[in-house]
Asker: 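Just dropping this structure here.
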Amino acid sequence: MTERVVIVGGGTAGSVLANNLAEEVDTAIDTGDVEVVLVNDRKDHVYKPTWLYVPFGEKTPEDAKRPLDDLIDRRVDLLIDRVDGIDTESKTVSFDGGRGPLAYDHLVLAMGAQVVPEETPGLAEGGHHFYGPEAAEELREELAEFTDGHLVVSVVGVPHMCPVAPLEFPLMADTWLRERGLREDVDITYTYPINRPHGIQSVADWVGPLMEERDIGVETFFNPERVDPDEQSVHTVEGRELSYDLLVSIPPHDGSDIVREAGLGDDGWVDVDPATLEATNAEDVYALGDIAELPTSKAGSAAHYAATSLAGRLASAVRGQRPTTEYDGKTVCFIESGEGEATYIAFDYDAEPTPKPPSKLIHWSKLGYNRSYWLTARGAL
Amino acid sequence: MKVSQGSDCMSDTQLDADVTVNAVGSSCPGPMMDLIGKAKDVEPGTVIRLQSSNENTEPDVSEWAEKSGNELVEVVEREEHWDLYVRIND
Ligand SMILES: Cc1cc2nc3c(=O)[nH]c(=O)nc-3n(C[C@H](O)[C@H](O)[C@H](O)COP(=O)(O)OP(=O)(O)OC[C@H]3O[C@@H](n4cnc5c(N)ncnc54)[C@H](O)[C@@H]3O)c2cc1C
């Protein structure tokens, strides 16, 4: 009997997992004992961190895409279709393209996160963002025309992808505007939901003074509940109001209705054991990457490290051995700090990160990483 | 707000949480952000139990609750983490 592993989502988590697993159980695939199926709803793999550079004209959404066919091990069956339901009783997934249900022995959910700006009234009409390809291009057009006024960068969505992108955008915008001789005519304000500019104390301690030095205003305890696009103002749960000329938000995020409907997590994120990545509410179901409710960041590196560890567990499981590999929460994030420099933080479930002093070298490392990412997705790094 | 010492059983608090946010080991972006994420999704009146192993969470939550009109009702010290009970108001 063939043991079938179905992976839903061919982003960072799903691709790294599929490639690593195919390598670990290559012989079993060749003999027909194991089958690895990767389902993705479009033919391209998208590397989302590229979008940060789109508003500044440094990259295009096309740079973020590669055909999955080129990235995925030939031993993996690639299915381009959209999963629209999961039945954990009959152990099947269903598709919205008319294809019949597919049975699984092990199911891995790696559908990522989606952005839902419409959840905050007025935000979709009044604000811009760089968390999607079209939105990032629209923002590029806006920024190109923006010569004076108040630029507000507001973290609305909690949780959100990439813990540091909200800091990178205002720091990069500051440099970008300075280079164009426009900075004197633009005020920049950054807003964050809690009592400091970042959730991690050490990052907050580092970025607070840096923002002050760059003349970026910081508003904390700032949780927008609605935006008035006509008046161009943001209104918060705390009863505050902030006017803007250009609003760039980190929009609200959502997991997946499929997860809610399957009873795998009430908020659309899959409830999992943080170490084994096994779903809390169903047997033989796992989740990793942004769709998993994990006590770490929704970051590509977390998805990557979790995928290598889950590949080990699944390889043991299909071999009938007791899985022992565990994910320790390892995450590494590069942080662009403007002026052509960057820093990075590394952490896991037990250790808090401390940012290193920013340097040009780290900035080039980040750009280098973005280029070599395609090797990561192939499972080669 | 009441602060109690507890073992890992529920008998030492009268409170029943409606939902639990397990932020033990959540270093980035941290327990406070996990709590706010949940607070945005729940109905007014919900009691959230935030589990955190970070000692700064209590003062942070206390300050946030005050500013946002919510209430930190009780903190129970467990063996390796704290349970913070937060009532979400309107
Ligand atoms: C602007 C921006 C900057 C970022 N910068 C960084 C950074 O510097 N460093 C970092 O570590 N992380 C960064 N991230 C976060 C990183 O991109 C994500 O954490 C990472 O992509 C998560 O991988 P994933 O595989 O879980 O999800 P994704 O990469 O989103 O992949 C999910 C895949 O599932 C597919 N899918 C979804 N639903 C279905 C379905 N029903 N059926 C079939 N297929 C489906 C999607 O098409 C997609 O291919 C950034 C994110 C953004 C938006």
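Residue numbers start from 1 in every chain, and the chains themselves are labelled A, B, ... in the order their sequence lines are given, proteins ahead of strands.
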Asker: For a quick check, list the donor-acceptor atom pairs closer than 3.5 Å between chain A and chain B, or say none.
Answerer:
residue   : atom : partner  : partner atom : Å
Val156(A) : O    : Lys40(B) : NZ           : 2.5
Asn195(A) : ND2  : Asp60(B) : OD1          : 3.2
Asn195(A) : ND2  : Glu63(B) : OE1          : 3.2
Arg196(A) : NH1  : Asp60(B) : OD2          : 2.8
Arg196(A) : NH2  : Asp60(B) : OD2          : 3.2
Asp267(A) : OD2  : Lys38(B) : NZ           : 2.4
Ser297(A) : N    : Cys28(B) : O            : 3.2
Ser297(A) : OG   : Cys28(B) : O            : 3.1
Asp348(A) : O    : Ser27(B) : OG           : 3.0
Glu352(A) : OE2  : Asn54(B) : ND2          : 2.9

Asker: For a 4.5 angstrom cut-off between non-hydrogen side-chain atoms, does Pro159(A) reach Met33(B)?
Answerer: no
Asker: Residues two or more places apart in sequence or in another chain: which of them pass side chain to side chain donor-acceptor pair (under 3.5 Å) with Thr189(A)?
Answerer: His150(A)
Asker: Using side chain to side chain contact (heavy atoms under 4.5 Å, CB included) as the criterion, list what pairs up with Ala292(A), not counting sequence neighbours.
Answerer: Val272(A), Ala287(A), Leu294(A)
Asker: Where does Val21(B) contact chain A at under 4.5 Å (heavy atoms): side chain, backbone, both or neither?
Answerer: neither
Asker: Can you tell me which portion of Ala351(A) sits under 4.5 Å from chain B's heavy atoms? Options are side chain, backbone, both or neither.
Answerer: backbone
